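Numbers here simply count residues along the sequence, with the first being 1. Keep in mind it's a predicted model, so treat the numbers as computed, not measured.
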Amino acid sequence: MTPPTPSGSDPKKKATAKKAAAKKATAEKAVVKKATAKKAVAKEAAVKKAAVKKATAKETTAKKATAKKATAKKAVAKKTVAKAKKTVAPKPAPLPETPVSPVIDAHDRDRLLSGTHHDPHSVLGAHPVPGGTGFRVFKPYALSVTVLTGTLRAELHDDGDGFFSGLLPLRDVPAYRLLVTYEGSEQEIEDAYGFLPALGELDLHLIGEGRHEELWKALGAEPMTHQGVTGTRFTVWAPNARGVSLAGTFNFWDGTGHPMRSLGGSGVWELFVPGIGEGELYKFAITRPDGSKTLRADPLARRTEAPPNTSSIVHASHHEWQDEAWLSRRADKPAHEAPFSVYEVHLASWRPGLTYRQLAEQLPAYVKDLGFTHVELMPVAEHPFGGSWGYQVTGFYAPTARLGTPDDFKYLVDALHQAGIGVLMDWVPAHFPRDDWALAEFDGRPLYEHEDPLRAAHPDWGTLEFDFGRREVRNFLVANAVYWCEEFHIDGLRVDAVASMLYLDYSREPGQWLPNEHGGRENLDAVAFLQEMNATVYRRVPGVVTIAEESTAWDGVTRATHHIGPGGFGGLGFGLKWNMGWMHDSLGYVQHEPVHRKYHHHEMTFSMVYAYSENYVLPISHDEVVHGKRSLVSKMPGDWWQQRANHRAYLGFMWAHPGKQLLFMGQEFAQGAEWSEAHGPDWWLLDPAYGAEPDHRGVRDLVRDLNVVYRHTPALWQCDTTPEGFQWVVGDAADDNVFAFLRYDAEGTPLLAVSHFSPVVRHDYRLGVPDDIPAWHETLNTDLGKYGGSDVTNPDTVKPEATPWHGRPASIQLTLPPLATVWLRPA
């Protein structure tokens, strides 16, 4: 054990030591002392050299002062000084003739009892003092404490209130353990206050700069071996706290006896607790600036209790990844130039009651069978209220314990990767709830939230917004994004509620917000944070994609951060953006009766006006099928047959439209009820014993075929973000409710998509086509009988005629099924 740093030397002590040495000196001893003095000088030099690197400023000052006073002529003094440098305790009292226990002074005692001591290690533990080594131990509720070192057993004096002290005639601080006796039990332990800090200077520097990209390795609970002893290092950022203690199962949730030390001006508090390992529950007991107490979960906890319990749990991962093949190829193509169809899942309700590991046995096989390239998981970070669906996060670094451990979640991600399925995750950096055991006023003052109440309170959700202008808060969030991608092999982050972050006046009335330094409504701190997050993630984790849920026309959401746009801002740096405009307009169109659709025809074509302004995802997400909005099939007009036909035709239009696809669970088999997190999808609709099962299974079979054809047709995804990949054939056939367009791949090979949203059959419908394609064949038809349609098809190869149409030199004639989408490819 390395002794604590001495804080200075005492002239009275030196004088006493000189007199004692002089009385006992002899000529023979003088010779020995001379040799000893030489060794002391050498040892002193070595100590000085080591002090430059390791010791605190106090120790360095003390050594320099002592060195100046020592002289070569006074060997006895040299010997005394050298010994003092090694063993002097902070502000020691002169050694009396009969040594007594070095009782903690009243001031330190009060601070320890009140939980406001910033440096308990300077008081507690073993310290060199005149006459030997002083031991001070703070163990509330202990009946006795005995020091064990070698064959020596020494019971410490009970000073009351849980304090014990004693002086042993030992020249150097020995390796020792404590035997602590409680009523009915006895524990032999290492002394937590005999260790140097387990957090390095580089970590503290990076935390202070807001640039620690692996923050989870510096803060939180980290099982480790420190100075040869196994235990757990606990660290927390709480710069406004007057004191921080550690409370948990190991001390019966009374943190009084485990005060933490403040590491300089970093705002970080640290304590290495030997003997504590995985599975222990803990929280931080914080003394606020006003002296009141609060018990807080660890913001960097990597595992938590299952709600409604709120404790943090010490965790170390033991999962061995098996997804090397997936990771090695996921960066081969950027997401916007690759097939990308997403199945959105709420894990807790997809199959209610299943754990992460049980889901791993079912979800990958189901998604693979349907042909989706990715799953998107609604937030999996820990959250107290299930009804928030995970969008009000309290444990940003911990997968929800409702379904298992962090390693169990890794097992699920691993299984999806081995099935060839990418994993996206909803990430919520915009806000957090006000729970008094979590982040809100964490150390007694606004810390993670903005100090201005107008900036802190989110007007829509009753939550608090992060202070994106504070470097430590940005660091907390940027590192969190990296954490999920690196530690859990997540392939993409869909960032929630970006618009609420970007605008100071979001959902606020005049007078409820203040403009930025340029007089504008943009939140410049949030812009800088999003740019930093995206740049860091893309730099550190090749192949990962970030996706913005951004509902406004903010310029440059998917533009590179270093490219300045017309508004004077660099791009936000996202890879993809949800196309909320397309979703809103297209759903508005299909909800009308077919006879009225001609008056809303532009709602289906307007998306192509801005289709290439960003890299888009077309989302039919959970938000569109809940809270009275109705499921996708239930939005459709007409009887049950027409509703399903509209549903199928709409999916065919969506999969052919430029952009990536996202479909929420349950919509793949035309569930009629709204989604509820309480019971999830209505899987019973696919039970063969149910009479209408073929209707639902037919829609699911269509989704499978859409994905299969999509993945094997580069024209549908390769040029999603370039105008060369799309051409209208006819976009103004409002009276017919027909939309026809061509999609092209990078080689110029086309696919013809025709959507017909009228409940009638149109025979010999003429469409203009390129004249360099000798023949076309139908590759997908949403009206097939196996999907539940009327089976109106174009079974034969269709050859162009030299009849100009729609501004093209050639044309073909098709039979358009009722309420259906048809795809044709070159024969």
Side-chain angles (χ1 to χ4, degrees), residues 385 388-389 391-393 427-435 438-442 445-471 473-474 476-477 495-534 548-559 561 564-574 577-585 587-588 603 606 609-610 613-614 619 621 623-624 626-629:
F385 177 48
S388 75
W389 312 331
Y391 290 98
Q392 295 192 10
V393 178
W427 185 55
V428 192
H431 63 123
F432 57 91
R434 296 175 179 265
D435 299 76
L439 296 183
E441 292 193 354
F442 182 76
R445 292 178 181 166
L447 188 65
Y448 289 91
E449 67 272 38
H450 203 283
E451 62 182 359
D452 180 354
L454 290 178
R455 294 280 297 273
H458 198 291
D460 290 345
W461 303 312
T463 53
L464 295 169
E465 297 184 8
F466 281 103
D467 182 1
F468 303 111
R470 185 162 190 167
R471 60 181 180 269
V473 175
R474 284 202 311 272
F476 174 81
L477 292 170
V495 183
D496 183 66
V498 170
S500 74
M501 301 163 65
L502 290 175
Y503 297 99
L504 295 169
D505 62 344
Y506 184 87
S507 286
R508 291 177 171 90
E509 300 297 327
Q512 296 180 335
W513 64 281
L514 297 174
N516 62 34
E517 61 193 60
H518 305 297
R521 55 196 285 255
E522 300 86 3
N523 186 337
L524 303 181
D525 293 333
V527 171
F529 157 68
L530 291 170
Q531 291 174 328
E532 180 182 349
M533 181 277 297
N534 281 312
E549 186 220 12
E550 202 284 310
S551 56
T552 73
W554 182 279
D555 175 60
V557 173
T558 59
R559 189 171 64 237
T561 57
I564 306 300
F569 292 101
L572 296 182
F574 285 94
K577 172 185 173 177
W578 274 21
N579 193 335
M580 311 295 279
W582 173 89
M583 176 272 297
H584 179 270
D585 291 346
L587 288 180
E603 293 177 10
F606 181 66
V609 173
Y610 60 87
S613 60
E614 303 281 3
S621 73
D623 268 334
E624 309 315 315
V626 74
H627 291 334
K629 294 181 181 180

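- Ring geometry for F466 against F468 counts as tilted: the plane angle lies between 30° and 60°, on a 0 to 90° scale.
- L439 is not listed as a side-chain neighbour of L464, based on a closest heavy-atom distance of 4.5 Å or more.
- Using a 4.5 Å cut-off on side-chain heavy atoms (C-beta onward), F442 and E449 make no contact.
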Note to self: Set out, in order, the CA-CA distance, both residues' side-chain angles and the distance that settles side chain to side chain contact (heavy atoms under 4.5 Å, CB included) for L530 and L502, then state yes or no.
What the structure shows: CA-CA 9 Å; L530 291 170; L502 290 175; 3.8 Å; yes

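- With hydrogens and angles disregarded, a donor-acceptor distance shorter than 3.5 Å links the side chain of E614 to the backbone of T558.
- Counting all heavy atoms, side chain and backbone alike, D555 lies closest to P566 at OD2-CD, 3.2 Å.
- Summarising the geometry, atom CD belonging to E451 is positioned 8.5 Å from atom CZ belonging to R470; distances are rounded to the nearest 0.5 Å.
- Contact of the P429 side chain with the M501 side chain is registered, since non-hydrogen atoms from C-beta on lie closer than 4.5 Å.
- A 6.0 Å sphere centred on CD of Q512 holds more than 12 heavy atoms belonging to other residues, nucleotides or ligands.
- Contact between E441 and P446 at its shortest, heavy atoms only, is CG-N, 4.0 Å.
- In this structure, V473 and F529 have side chains that are not in contact, with every pair of non-hydrogen atoms separated by 4.5 Å or more.
- A pairwise comparison of heavy atoms in A497 and E549 identifies N-OE1, 2.7 Å as the closest pair.
- Summarising the geometry, atom CZ belonging to F432 is positioned 9.0 Å from atom OH belonging to Y448; distances are rounded to the nearest 0.5 Å.
- Closest approach of V393 to P433, counting heavy atoms only: O-CD, 3.0 Å.
- The distance from the OH atom of Y506 to the CG atom of D460 is 5.5 Å, given to the nearest 0.5 Å.
- Side-chain contact check for H458 versus S500: some heavy-atom pair is nearer than 4.5 Å.
- Without hydrogens or angle criteria, H431 side chain to Y391 main chain gives a donor-acceptor distance under 3.5 Å.
- Side-chain contact between N516 and N523 is absent, with no heavy-atom pair separated by less than 4.5 Å.
- Nearest heavy-atom pair across D496 and A430 is O-CB, 4.2 Å.
- Between the R455 side chain and the D467 main chain, no donor and acceptor come within less than 3.5 Å of each other.
- Rounding to the nearest 0.5 Å gives a distance of 5.5 Å between CD of E532 and CZ of R474.
- The two residues E522 and L504 make their nearest non-hydrogen contact at O-CD1, 3.6 Å.
- With contacts defined as side-chain heavy-atom distances shorter than 4.5 Å, the pair M533/W427 qualifies.
- With hydrogens and angles ignored, the 3.5 Å screen pairs a side-chain donor or acceptor of Q531 with a backbone N or O of G571.
- N579 contributes atom CG, which lies 7.5 Å from atom NZ of K577 (distance to the nearest 0.5 angstrom).
- Using a 3.5 Å distance cut-off with no hydrogens or angles, the side chains of E550 and T552 do pair a donor with an acceptor.
- For Y503 and W513, the gap between ring centers reaches or exceeds 6.0 Å.
- Side-chain rings of W554 and F569 approach one another, their centers coming within less than 6.0 Å.
- Residues H518 and L524 are in side-chain contact: their nearest non-hydrogen atoms beyond the backbone lie under 4.5 Å apart.
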